[in-house]
Amino acid sequence: MPAPPRCFAQINLDDFNLSSSPNSGAACVAQANGGTKVKSWCHAHQGPLMLKDDLAEHLGLLLPLLLCGEQSAQWVFSVQSRRAGRRGEQQAAQQLQSIGQEEFWHDQALTHVASQVPQHVDALVAQQQAQAFYRQLAKGHSLAEHFVSISVLDMLVAQLMHQLAHYQWSLNRDFAVLCQLIAKDETKHVYMSRYYAKSLGANADDFHFYRQQVNARLGELLLPYQQHFEAVGIDLEQLFTRRGHERQVC
């Protein structure tokens, strides 16, 4: 089965010092450079994952939503890594590059999974809504505010993937491991995004304001598909409640 269409174009891997671009029709291709645990998973699981039919049906809708975020994040960190390098901030450039590499491999791995599930009838509409959400996220905000919003989004993804990994652990261990690895990466990205937001002048009020804004807009995007999330062990209401009351470290 073909993978879902991309929300955002493939990044130029040279931006992250990776060796060469993957074939447009294949995910999880081997690369000589770069490296994350998700990359290792990707290389080790190029064959079928034997997903159960009921799981595959719901993933056919959920994966395009997740992939849109991973593809958007690659562009953000690619651009900011290059800008930091031009300013002579080599440590920041390397850190942002590392996050971008991890987002790239999340995209590759989840695209590989998505190529093994049937496309849901509502997937294209959901993906278009997600694309509009991520485009709007970057409009009219300062860079500090954008990093604040990214930290909120990455926290959601980390918690969402943790729930999915827990639910799938006894059902499909290979897929559960991937979800767990992505959750760990996204947790790191939360702290890095918070760090850069604060270094650019964001304060506690900014974190509170944008947490509320992003929560509301994410609710509009995700809650119409709540039954699909629940079917694979993800409790959206619990995620939004936790994030609404969590203490942001600023």
Report the residues that fulfil side-chain hydrogen bond (donor to acceptor under 3.5 Å, both in side chains) with [X], sequence neighbours left out, ordered by chain and then residue number.
X    : answer
K188 : E102
D185 : H106
R6   : D107

Close side-chain approach of [X] to [Y], heavy-atom, < 4.5 Å:
X    : Y    : result
E103 : V76  : no
Q168 : L55  : yes
S193 : D154 : yes
H162 : Q180 : no
F229 : L65  : yes
M161 : L66  : yes
L218 : L223 : no
S149 : E145 : no

With sequence neighbours excluded, residues passing ring-ring contact (aromatic ring centres under 6.0 Å, His included) with F175: none
Distance from [X] atom [atom1] to [Y] atom [atom2], nearest 0.5 Å?
X    : Y    : atom1 : atom2 : value
L62  : I234 : CG    : CD1   : 6.0 Å
L137 : L153 : CG    : CG    : 5.5 Å
L236 : Q163 : CG    : CD    : 8.0 Å
K198 : L200 : NZ    : CG    : 12.0 Å

L171: hydrophobic cluster co-members (side-chain, 4.5 Å): Y167
Over 12 foreign heavy atoms within 6.0 Å of CD, Q91: no
Contact list for residues 171-184, test salt bridge (charged side-chain N to carboxylate O under 4.0 Å, His left out), sequence neighbours left out: none
E70 versus Q74, side-chain donor and acceptor atoms under 3.5 Å: no
Between Q108 and H112, a side-chain donor and acceptor under 3.5 Å: no
The criterion is side chain to side chain contact (heavy atoms under 4.5 Å, CB included); which residues satisfy it with [X], sequence neighbours excluded?
X    : value
A197 : F147, V148, A202, F207
A92  : A84, E89, Y196
P224 : none

Nearest heavy-atom neighbours spanning L49 and N172: O-ND2, 2.9 Å
Of all pairs that satisfy disulfide bond (SG atoms under 2.5 Å apart), the ones with a partner from residues 182-215, not counting sequence neighbours: none
Sidechain-backbone polar pair: T187 side chain, A183 backbone, donor-acceptor under 3.5 Å: yes
Sequence neighbours excluded - side chain to side chain donor-acceptor pair (under 3.5 Å) pairs with any residue from residues 52-66: H58-H228
Among R194, H189, E186, the one residue meeting side chain to side chain contact (heavy atoms under 4.5 Å, CB included) with M155: R194
Step-by-step side-chain contact (heavy atoms from CB on, under 4.5 Å) determination, I150 to F77: CA-CA 11 Å; I150 290 171; F77 290 109; 4.2 Å; yes
Run the side-chain donor-acceptor check on residues 121-133: report pairs under 3.5 Å with partners two or more places apart or on a different chain.
{"unit_1": "Q127", "atom_1": "NE2", "unit_2": "P5", "atom_2": "O", "d": "2.5"}
{"unit_1": "Q129", "atom_1": "OE1", "unit_2": "Y225", "atom_2": "OH", "d": "2.7"}
{"unit_1": "Q131", "atom_1": "NE2", "unit_2": "C7", "atom_2": "O", "d": "2.5"}

